[in-house]
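Below, each value reflects all heavy atoms present in this structure, side chains not excepted, and no hydrogens, waters or symmetry copies. We number each residue from 1, following the sequence as shown. One-based numbering, in listed order, for ligands and for the atoms of each.
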Amino acid sequence: MPFTSDNELALAFSPDFISPDVKNQLPSDLHIRPLASTDYHRGYLSILSVLTTTPDPGEAAWVAQFNAMKQAPRTYYPLVIVSKSSDRVVAVGTLFIERKFVHNNGSVGHIEDIAVDANQQGKKLGLRVIQALTYISEISGCYKTILNCSDKNVPFYEKCGFQKKENEMAKYA
Ligand code: ACO
């Protein structure tokens, strides 16, 4: 498939939020941009399945979820790294911005659902996704950026500049 440029796509948020430094640091065959309404066809779900079970809801349900995120202003920032030669997604991640009353009506950035194509791991794409999401969090005024991860991913996040803090609690339905 030929590479599709940003101005030919319906994007989840403005590409102005993509860090220029991260763009410059990517290899020339790769492009980082907001998630697009047609990324269902570029292998978005198969990349996410590297992370966890990701059943295919079908294109209509996927697009409905994309639209629900896009319609919540300044809240969801799903982004992708795409191979220009294949026009396929090779890495993904999302920033979710939570508004609060504490910290002077502060906001917190939550990093979620990071995954890199198994064939592309170890090439700093995970690092670039985290840097890009942290950039969005910081230019949006978030006073901190946080995430949950397994023990085995702690060294990766430490390399990305994060520190272990407190505990995660969960109650599954
Ligand atoms: N243990 C130790 N170091 C690691 C690990 C690890 N498991 N993973 C990466 N690193 C190091 C790299 O060696 C590199 O170090 P260097 O700068 O000294 O060379 C640095 O971290 C950056 O690594 P990247 O090349 O950017 O890592 P990659 O592109 O492979 O992405 C990721 C890492 C996202 C964990 C990837 O392996 C992946 O998709 N794993 C499966 C899905 C997953 O676990 N996602 C994270 C879930 S947590 C969440 O979503 C909030």
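Heavy atoms of Asp113 found under 4.0 angstrom from ligand 1 belong exclusively to the backbone. Contact annotation: for Phe162 versus ligand 1, there are no heavy atoms closer than 4.0 Å. Under 4.0 angstrom from ligand 1, the non-hydrogen atoms of Gln121 come from both its backbone and its side chain. Proximity of Arg128 to ligand 1, defined as any heavy-atom pair under 4.0 Å, is not found for any part of the residue.
Under the 3.5 Å distance criterion, the side-chain polar atoms of Lys84 are matched with a main-chain donor or acceptor of Ser28. Counting only distance, with no hydrogens or angles, the side chain of Glu8 and the backbone of Ser5 share a donor-acceptor pair below 3.5 Å. Judged by distance alone, the side chain of Thr134 and the main-chain N or O of Ile130 form a donor-acceptor pair under 3.5 Å. Judged purely by atom type and a 3.5 angstrom limit, Ser140 has no side-chain atom pairing as donor or acceptor with the backbone of Glu138. The closest donor-acceptor contact from the side chain of Arg88 to the backbone of His41 lies under 3.5 Å.
Ring orientation note: the planes of Phe66 and Trp62 are close to parallel, at an angle under 30° on the 30°/60° scale.
At the shortest separation from atom 7 (N) of ligand 1 among protein heavy atoms lies Lys152 O, 3.3 Å. Looking at atom 47 (C) of ligand 1, its nearest protein heavy atom turns out to be Leu51 CD1, 3.3 Å. The protein heavy-atom contact nearest to atom 12 (C) of ligand 1 is Lys159 NZ, 4.9 Å. Protein heavy atom at the shortest distance from atom 39 (O) of ligand 1 is Val116 N, 2.9 Å. For atom 29 (O) of ligand 1, the closest heavy atom belonging to the protein is Gly126 N, 2.9 Å. Taking atom 44 (O) of ligand 1 as the reference point, the nearest protein heavy-atom neighbour is Asn153 ND2, 2.8 Å. Closest to atom 5 (C) of ligand 1, if we only count protein heavy atoms, is Phe156 CB, 3.8 Å. Scanning all protein heavy atoms for the shortest distance to atom 51 (C) of ligand 1 gives Asn148 O, 3.3 Å.
Inspection of the Thr4 and Asp87 side chains reveals an N or O donor paired with an N or O acceptor under 3.5 Å. Counted by atom type alone, Ser137 and Thr145 present one or more donor-acceptor pairs between their side chains at under 3.5 Å. A donor atom on one side chain and an acceptor atom on the other are not found under 3.5 Å apart for His110 and Asn148.
With ligand atoms numbered from 1 in the order given, ligand 1 contributes 26 (O), 29 (O) to contacts under 4.0 Å with heavy atoms of Leu125. Below 4.0 Å from some heavy atom of Lys123 lie the following atoms of ligand 1, by number and element: 25 (O). Short contacts between ligand 1 and Gly122, defined as distances under 4.0 Å to a heavy atom of the residue, involve ligand atoms 25 (O), 28 (P), 29 (O), 30 (O). Near Leu127, meaning under 4.0 Å from any of its heavy atoms, are these atoms of ligand 1: 26 (O).
The two atoms that bring Pro155 and Asp151 nearest to each other are CD-O, 3.7 Å, heavy atoms only.
When side chains are defined from C-beta on, Arg128 counts as touching Leu26, because their heavy atoms get closer than 4.5 Å. Between Phe13 and Ile136, some side-chain heavy-atom pair lies under the 4.5 Å cut-off.
Of the candidates Leu48, Val92, Val50, Ile114, the one placing a heavy atom closest to atom 50 (O) of ligand 1 is Ile114. Of the candidates Gln131, His110, Glu112, Lys124, Lys124 brings a heavy atom nearest to atom 25 (O) of ligand 1.
Residue-to-ligand polar distances keep Pro155 apart from ligand 1: every N/O pair is separated by 3.5 Å or more. The distance criterion of under 3.5 Å between nitrogen or oxygen atoms is not met by Ala115 with respect to ligand 1.
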